[in-house]
2 protein chains.
Amino acid sequence: MSQGEPGVELDTSLGYMLKAAASALHSALEAVLKPLGMTITHYSCLELLAQRPGLSNSELARGTFVTRQSMNVLLQALERQGLVVRPAQAPVGRALPTELTDRGREQLKVASAAVRRVEQAMLADLSPADQDQMRRLLTACIASLSEPPASAT
Amino acid sequence: MSQGEPGVELDTSLGYMLKAAASALHSALEAVLKPLGMTITHYSCLELLAQRPGLSNSELARGTFVTRQSMNVLLQALERQGLVVRPAQAPVGRALPTELTDRGREQLKVASAAVRRVEQAMLADLSPADQDQMRRLLTACIASLSEPPASAT
DNA sequence: CACAGTATGTCAGACTACTGACATGAGTCA
DNA sequence: TGACTCATGTCAGTAGTCTGACATACTGTG
């Protein structure tokens with residue numbers, strides 16, 4: 001069934017390659033986080049809270065690229081497990097500032113090291129200059145995709 | 001709640017940026033495919049079949065980065081909709097070579113144009129040289145992630 | 001003040017993709 | 001030939017995320 005690569009155009013499509021790279025990263029992260037009993041979103045949430053303490057549910061959702069409904073489900077689980085805490089009442093508006101507990105920080109420490117190893121493995125063959133290039137390119141892509149479709153005028 | 005960017009290290013993490021870019025692309029693709037009544041995997045499957053006719057269920061799964069079980073469910077749906085056809089019996093082994101129908105090609109044509117527009121929008125600010133760079137960098141990342149963890153020796 | 005508009009937290013149901021499991025067919029090797 | 005290994009197709013159950021909906025709280029404008 002395999003017939004080498006016809007080289008049609010999939011192999012050069014940056015959209016496809018971006019998906020392939022993200023998928024490979026996703027699988028690698030899953031592989032190291034699963035033994036720790038964590039999902040990727042679970043880890044992302046803790047990491048985000050460590051770097052930006054006091055983020056609300058909606059802000060965490062945006063930062064981890066899921067809906068606020070999904071993040072809400074996750075936060076309730078993390079709260080039950082004693083990894084994060086939220087005040088019973090919002091200090092202002094409806095947003096509940098979330099904080100890591102010591103237990104949460106502890107769990108994150110192990111996971112964070114594992115994730116860092118995966119990221120370093122991914123970048124093993126890239127020079128510092130390459131990595132800067134990649135940051136610039138990805139930033140440009142994100143910016144262009146975030147703009148409105150730019151209707152013809 | 002928002003407090004600018006502390007610039008901790010999330011903003012420079014290539015893993016995070018890769019995820020952000022893939023997420024932005026995913027959302028943009030969803031937005032253009034949904035009006036056509038297609039999901040991203042649905043489209044990816046048709047596109048792959050157009051460029052590599054006769055791929056089996058498992059090969060399509062690998063090409064679209066889902067499990068063969070998920071692809072099987074999708075293929076059965078596409079078959080019911082008359083977009084693809086598979087022989088009742090495998091010509092060799094168990095693999096069933098899948099082909100697009102005229103109806104499948106027709107649906108793909110519209111979707112493919114929409115997807116191409118999204119990809120071009122994403123690359124709007126990137127020179128041809130930039131795009132080549134990006135291909136090289138993504139390829140390197142994928143290759144490094146695909147290698148075994150490289151135990152210490 | 002009253003009102004519309006926007007952002008948030010949360011519950012419920014639906015969907016997509018996943019893991020687990022089993023049977024079938026091809027290739028390898030003694 | 002028979003045993004073993006591997007890849008494939010498929011069914012069933014599970015988990016994570018999504019959409020839809022509603023109530024609440026801040027903001028700006030008349």
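Below, chain A is the first sequence line, B the second, and so on; all start at residue 1. Values in this document were obtained by computation on a predicted structure and should not be read as measured data.
Rounding to whole angstrom units, CZ of residue A:R68 and P of C:dT6 are separated by 14 Å. Between the CZ atom of B:F65 and the C1' atom of C:dT16 there is a distance of 18 Å, rounded to whole Å. Counting to the nearest Å, the P atom of C:dA17 and the CD1 atom of B:I40 are 9 Å from each other.
Under the 4.5 Å side-chain criterion, counting only non-hydrogen atoms from C-beta, B:S70 is not in contact with B:T41. Side-chain contact between B:L100 and B:L46 is present, with at least one heavy-atom pair separated by less than 4.5 Å. At a threshold of 4.5 Å between non-hydrogen side-chain atoms, the residues A:R135 and A:D132 count as touching. Contact of the B:K109 side chain with the B:E106 side chain is not registered, since no non-hydrogen atoms from C-beta on lie closer than 4.5 Å.
OP1 or OP2 of D:dG9 has at least one side-chain nitrogen or oxygen of B:N57 nearer than 4.0 Å. For D:dT10, one of the phosphate oxygens OP1 or OP2 lies less than 4.0 angstrom from a side-chain nitrogen or oxygen of B:N72. Distances shown here put every side-chain N or O of A:T67 at or beyond 4.0 Å from the OP1 or OP2 atom of D:dT17. Taking only side-chain nitrogens and oxygens, B:T41 never comes nearer than 4.0 Å to OP1 or OP2 of C:dT16. At D:dT8, none of the side-chain N or O atoms of B:S56 fall inside 4.0 Å of OP1 or OP2 (strictly under the cut-off).
For the residue pair A:H42 and A:Q107, a side-chain donor N or O sits within less than 3.5 Å of a side-chain acceptor on the partner. A donor and an acceptor atom, one from each side chain of B:R117 and B:Q120, are nowhere located under 3.5 Å apart.
Side chain of A:R86 to main chain of A:E79: no donor-acceptor pair is present (N/O by atom type, distance under 3.5 Å, no hydrogens or angles). Using a distance-only test at 3.5 Å, with no hydrogens or angles considered, a donor-acceptor pair links the side chain of B:T101 to the main chain of B:G82. Under the 3.5 Å distance criterion, the side-chain polar atoms of A:E119 are matched with a main-chain donor or acceptor of B:L14.
Put simply, the side chain of A:Q69 and the base of D:dG20 share a donor and an acceptor less than 3.5 Å apart. Not a single donor-acceptor pair, N or O on each side, falls under 3.5 Å between the base of C:dA26 and the side chain of B:R94.
A residue-by-residue look at B:Q76 and B:K34 shows that B:Q76 has its nearest nucleotide of DNA chain D further toward the 5' end.
Rotation axes derived from the C1' atoms of the five outermost pairs at either end of the helix from C:dC1-D:dG30 to C:dA30-D:dT1 lie 30° apart, to the nearest 10°.
Backbone-only contact: B:S58 has heavy atoms under 4.0 Å from sugar-phosphate atoms and none from a base.
Contacts between residues 79-89 of chain A and DNA chain D, counted as heavy-atom distances below 4.0 Å, involve no residue at all.
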